[in-house]
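Predicted model only: the values in this text are computed from it and were never measured.
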Amino acid sequence: MIQAADDRLRDEVRLLGGLLGEVILVEGGKDLYDRIEAVRQASVAWHRDAGAADAQRLEQLLGDLSLDQAVGLAHGFAVFSLLANVAEDRAGKRRAQEQTASGARPDTPEGALERLKAAGRSPEEARDLLASALISPVLTAHPSEVRRKSVIDRIASVSDLLDACDQNGAACDLEARDAGLRRQTTILWATRLVRQAGLVVQDEIDTVVSFLDRVFLHVAPAQLAEWRKRLDAPELEPFIRIGTWVGGDRDGNPNVDGAVLSAAFRSQARAVLRFYLDEVNTLGAELSLSGSMSEISPALKALAEASGDHSLHRADEPYRRVLSQIYARLAATHPVLTGQPAPRAAAFTAQPYEGPAAFRADLAVLQDSLVANHGAVFADDRLARLITAADVFGFHMATLDLRQNSDVHERVVADLLRVAGVADDYAALDEEARLSVLAAELASGRLLFNPYETYAEETLKERGILQAAAEALRLFGPQAIRTHIVSKTDAASDLLEVYLLLKEVGLYRPEDPAACPVQAAPLFETIGDLRASRPTLERLLKEPSALAVARARGVQEVMIGYSDSNKDGSYLTSTWELHEASRALLQVTDAAGLRLQLFHGRGGAVGRGGGSSFAAVLGQPQGTVAGRIRVTEQGEVIANKYGEPEVARRNLDALTCGVLLASLAPPPDAELTARHGATLSGLSRTSMSAYRALVYETDGFVDYFRAATPIAEIADLKIGSRPASRTASTAIEDLRAIPWVFSWSQSRVMLPGWFGFGSAVQGVDINELRQMHHDWPFFRTLIQNMEMVMAKADMTIARRYAGLVPDQALADRVFSAIRAEWDRTEAAVLAITGQDALLGGQPELDRLIRLRMPYVEPLNHVQIELIRRRRAGDDDPRVREGILLALNGVAAGLRNSG
């Protein structure tokens with residue numbers, strides 16, 4: 001079975017590669033085709049044999065390239081990586097289907113319920129858990145997605161053509177299929193792969209909305225309907241809630257303001273209302289049932305009689321008359337929520353809906369009448385799916401989080417207090433004095449802001465975005481905005497400052513704090529913040545204001561950051577500190593009579609918390625999931641996991657299954673932590689020491705990093721609307737985690753995903769580590785993720801990047817330290833797993849990586865050569881274009897690189 005799957009994957013790679021070759025020959029010419037083919041063959045040979053002659057041949061081919069040839073080669077291999085991804089994704093879908101058919105996998109609904117049954121848990125318990133569950137993938141505002149939407153669309157078209165042929169089976173017209181593939185490949189070849197202009201926030205909004213519109217609008221309701229059926233729970237409330245940061249996250253992004261937040265909601269509302277209008281219009285054409293030929297419910301009769309549809313043609317068609325009224329009300333709602341008229345005008349005017357609940361109620365009247373008078377055939381149809389969509393998406397489509405840095409809140413609150421004469425220098429107060437001032441103001445009905453006074457621009461901007469948030473909540477309801485995340489939280493006052501600012505726009509009311517629709521949630525990111533998270537949360541929940549909001553919800557949300565904690569202290573230390581902080585936070589919320597709702601700030605790369613979401617959920621500390629989890633989906637991960645409906649459905653189900661199993665049949669994490677926690681704590685300390693000795697304590701390391709990786713060139717890639725660094729500083733501390741990880745990925749070092757582990761395990765009992773790997777899902781997932789990232793690294797190529805460092809003594813010193821730790825880490829992983837090679841226990845993943853690496857490496861070599869030319873002063877725009885193409889292609893080839 002595996003061999004057949006591998007053969008089919010290779011066949012599809014050859015098919016798409018062959019078609020691309022034909023296109024290159026026609027579009028780029030024979031010389032470019034021959035050079036690309038020669039480099040491809042040399043790269044494959046080098047990878048197969050790793051001989052000196054093969055290496056020399058590859059180096060010679062690349063060294064002789066003219067600039068035009070280098071750019072053409074980079075473009076060609078980048079396009080090939082994109083097409084290879086299509087074949088790989090399809091192979092993944094086939095494997096999932098085959099594995100599900102041959103035996104229920106635990107990350108599928110069937111498999112999860114079987115495992116629960118084996119653990120003595122019933123479907124009723126699963127139903128009860130999901131009834132109060134919240135499972136929320138959150139599409140974030142700082143992507144590492146290097147592909148343009150135009151490119152993603154072309155890739156989707158190629159995949160659709162292959163899928164359609166699969167569905168037709170033997171009847172597939174291969175000639176027509178290949179003609180369609182050749183056409184799409186030609187368009188892709190002639191499409192710019194890299195952006196010429198930087199992104200603005202509205203671009204990011206449009207990209208996220210396109211995923212919501214094209215995929216989630218269809219997949220999330222279908223998934224909910226299937227779980228309702230599977231658990232015999234027709235009234236099960238939506239437990240999947242899609243979230244977004246785009247338009248509300250202004251941490252380090254000066255381009256996000258109140259106008260942008262309002263624009264985000266308008267964009268989301270346009271998409272969801274257009275979908276509802278189209279569906280209602282289609283149902284109107286379909287439900288032609290005559291009132292004279294069938295019974296209708298009294299409620300439907302009343303709605304039909306109240307309709308503004310007085311057409312004689314529909315006089316005895318009550319369902320159509322009601323649908324005409326629903327359409328007219330939706331059309332009237334459209335300009336209220338979007339500022340634009342409906343795409344297709346209604347036949348008559350009607351009052352807009354006050355909210356999605358009224359829209360849903362009208363649809364339910366239709367369905368109730370149909371089911372009562374015509375049977376269950378109408379219980380699971382297009383109308384039922386529309387009702388489910390309204391349950392999941394309302395009029396807001398996705399819940400938008402607010403996020404800001406605590407330093408900004410401090411300055412804004414200080415400004416307001418100073419002008420109001422409450423505190424001349426709030427920032428100078430100690431923590432208890434700050435809490436005293438904030439508590440007094442939160443208990444007072446007086447507002448601090450005076451429209452006749454003068455305030456800092458930052459104060460006015462923050463007030464403006466919160467005013468926009470208040471308006472969005474008025475228009476779209478309580479699901480529109482639920483959380484305000486506070487980055488760099490290190491004190492309880494950081495959260496009370498948010499409630500004070502919410503009070504200024506009427507969202508927090510002293511007389512009824514429990515009614516505040518937005519909860520302030522701390523974000524603990526650095527190692528120090530994670531270690532201090534327990535006392536910070538304990539102190540917060542002693543404040544009546546914060547406790548009232550939390551008790552009204554029953555939960556206190558806390559976000560934990562994988563990226564900065566990794567950059568701060570190593571992959572192993574970050575993972576362990578997150579585990580321990582989660583356990584400590586659970587103890588705090590338990591003591592307060594609350595549930596903990598963890599929001600995991602994960603990225604695509606292992607160094608930023610990437611890897612299997614299902615395995616990650618199962619690896620969480622016991623009791624910390626309990627039916628509620630939120631997780632960021634960033635950058636290229638969004639397209640990889642949710643780019644097409646079938647894949648998106650599988651990933652939403654896997655997340656749901658992980659939550660069910662972690663909540664109802666968790667591994668004995670508490671017992672294993674008690675048994676092995678001291679060992680892991682020791683490993684963590686040593687790993688952090690080794691990591692910080694390199695990154696923060698090695699003289700010249702920053703110079704090495706900035707020369708031996710394409711960090712400077714990545715700033716030109718225009719992959720997001722915010723700067724790469726939080727400040728103008730070149731310090732590692734101020735660099736954002738995405739470009740930090742992305743740079744190491746491009747240079748094939750992958751340092752954030754493994755460095756420090758090899759040093760940590762020196763002298764530790766290897767038998768205990770093997771036992772931990774066997775028994776403890778948390779530790780096993782850690783090792784598996786590390787293996788995956790190390791399999792994509794290549795120290796030979798990394799050494800070539802080190803050659804870009806002007807000071808070769810520095811290059812040799814730092815690279816030698818990196819290489820030595822690599823050797824220690826590889827040896828440690830193999831000793832723990834008992835394997836002969838990395839990924840020996842994950843053969844499918846190993847084959848996939850081996851298949852694509854020979855096509856990624858030429859891009860690394862071209863990138864190095866062009867970076868060298870650019871840094872030597874060659875300012876030809878084609879040099880920059882070639883570098884960006886190579887960056888794009890390597891990212892596509894590595895996939896989870898940012």
Once you round to the nearest 0.5 Å, how far does [atom1] of [X] lie from [atom2] of [Y]?
X: L20; Y: L25; atom1: CG; atom2: CG; result: 11.0 Å
X: I783; Y: L830; atom1: CD1; atom2: CG; result: 10.5 Å
X: D874; Y: I867; atom1: CG; atom2: CD1; result: 13.5 Å
X: S150; Y: R192; atom1: OG; atom2: CZ; result: 8.0 Å
X: L680; Y: T573; atom1: CG; atom2: OG1; result: 10.0 Å
X: M750; Y: D794; atom1: CE; atom2: CG; result: 9.5 Å

Parallel, tilted or perpendicular: rings of W740 and W744 (30°, 60°): perpendicular
Plane angle bin for H773 and F779 - parallel if under 30°, tilted between 30 and 60°, otherwise perpendicular: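 The rings of F779 and H773 stand perpendicular, inter-plane angle above 60°.
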Considering residues at least two apart in sequence or located in another chain, which fulfil the salt bridge (Lys or Arg N to Asp or Glu O under 4.0 Å) criterion with [X]?
X: E27; answer: none
X: R182; answer: E22
X: R154; answer: none

Which residues share a ring-ring contact (aromatic ring centres under 6.0 Å, His included) with Y642, sequence neighbours left out: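 Y642 satisfies ring-ring contact (aromatic ring centres under 6.0 Å, His included) with F216 only.
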Contacts of type ring-ring contact (aromatic ring centres under 6.0 Å, His included), residue W754, not counting sequence neighbours: W822
Those residues that, when tested against [X], pass side-chain hydrogen bond (donor to acceptor under 3.5 Å, both in side chains) (two or more places apart):
X: N860; value: R748, Y801
X: D812; value: R799
X: R813; value: none

[X] vs [Y] side-chain heavy atoms within contact, under 4.5 Å:
X: F755; Y: T825; value: no
X: V764; Y: T686; value: no
X: V862; Y: L885; value: no
X: E633; Y: T140; value: no
X: V695; Y: F705; value: no
X: L866; Y: R869; value: yes
X: L15; Y: D11; value: no
X: L851; Y: L9; value: yes

Test side chain to side chain contact (heavy atoms under 4.5 Å, CB included) applied to V829 and F757, step by step: CA-CA 9 Å; V829 169; F757 185 81; 4.3 Å; yes
[X] side chain vs [Y] backbone, donor-acceptor pair below 3.5 Å:
X: N651; Y: V647; result: yes
X: D568; Y: I527; result: yes
X: E12; Y: R8; result: no
X: R770; Y: A831; result: yes
X: H75; Y: W189; result: yes
X: Y691; Y: K567; result: yes
X: R871; Y: A707; result: yes
X: S81; Y: F77; result: yes
X: D34; Y: D31; result: no
X: E821; Y: G756; result: yes

Short side-chain donor-acceptor distance under 3.5 Å, [Y] and [X]:
X: S570; Y: S687; answer: yes
X: T709; Y: Q746; answer: no
X: Q835; Y: E787; answer: yes

Minimum heavy-atom distance between [X] and [Y], given as atom pair plus value:
X: L894; Y: S745; value: CD1-O, 3.5 Å
X: V151; Y: L82; value: CG1-CD1, 3.6 Å
X: L193; Y: A78; value: CD1-CB, 3.7 Å
X: L804; Y: I864; value: CD2-O, 3.8 Å
X: L572; Y: A760; value: CD2-CB, 4.0 Å
X: P739; Y: S743; value: O-OG, 2.6 Å

Listed once per pair and sorted, the salt bridge (Lys or Arg N to Asp or Glu O under 4.0 Å) pairs that draw on residues 73-88, sequence neighbours left out: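 Pairs touching residues 73-88 that pass the test: E88-R852, E88-R895.
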Verdict with supporting geometry, T185 and L16, side chain to side chain contact (heavy atoms under 4.5 Å, CB included): CA-CA 8 Å; T185 304; L16 296 173; 5.5 Å; no
Row check, F815 ring normal vs R819 NZ/CZ: under 6.0 Å, within 45°: no
Basic-acidic side-chain contact under 4.0 Å: R40, E37: yes
Pairs touching residues 848-892 that satisfy ring pair (Phe, Tyr, Trp, His ring centres under 6.0 Å), sequence neighbours left out: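 Sorted pair list: W46-H861, F80-Y855.
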Residue pairs, two or more places apart or on separate chains, that pass ring pair (Phe, Tyr, Trp, His ring centres under 6.0 Å) and touch residues 7-31: none
Full working for salt bridge (charged side-chain N to carboxylate O under 4.0 Å, His left out) between R868 and E865: CA-CA 5 Å; R868 183 177 287 116; E865 176 60 28; 3.5 Å; yes
Verdict with reasoning, L162 to L181, per side chain to side chain contact (heavy atoms under 4.5 Å, CB included): CA-CA 8 Å; L162 292 168; L181 290 172; 3.8 Å; yes
More than 12 heavy atoms of other groups within 6.0 Å of D836 CG: no
Partner set under side chain to side chain contact (heavy atoms under 4.5 Å, CB included) for S574, not counting sequence neighbours: S565, N566, L578
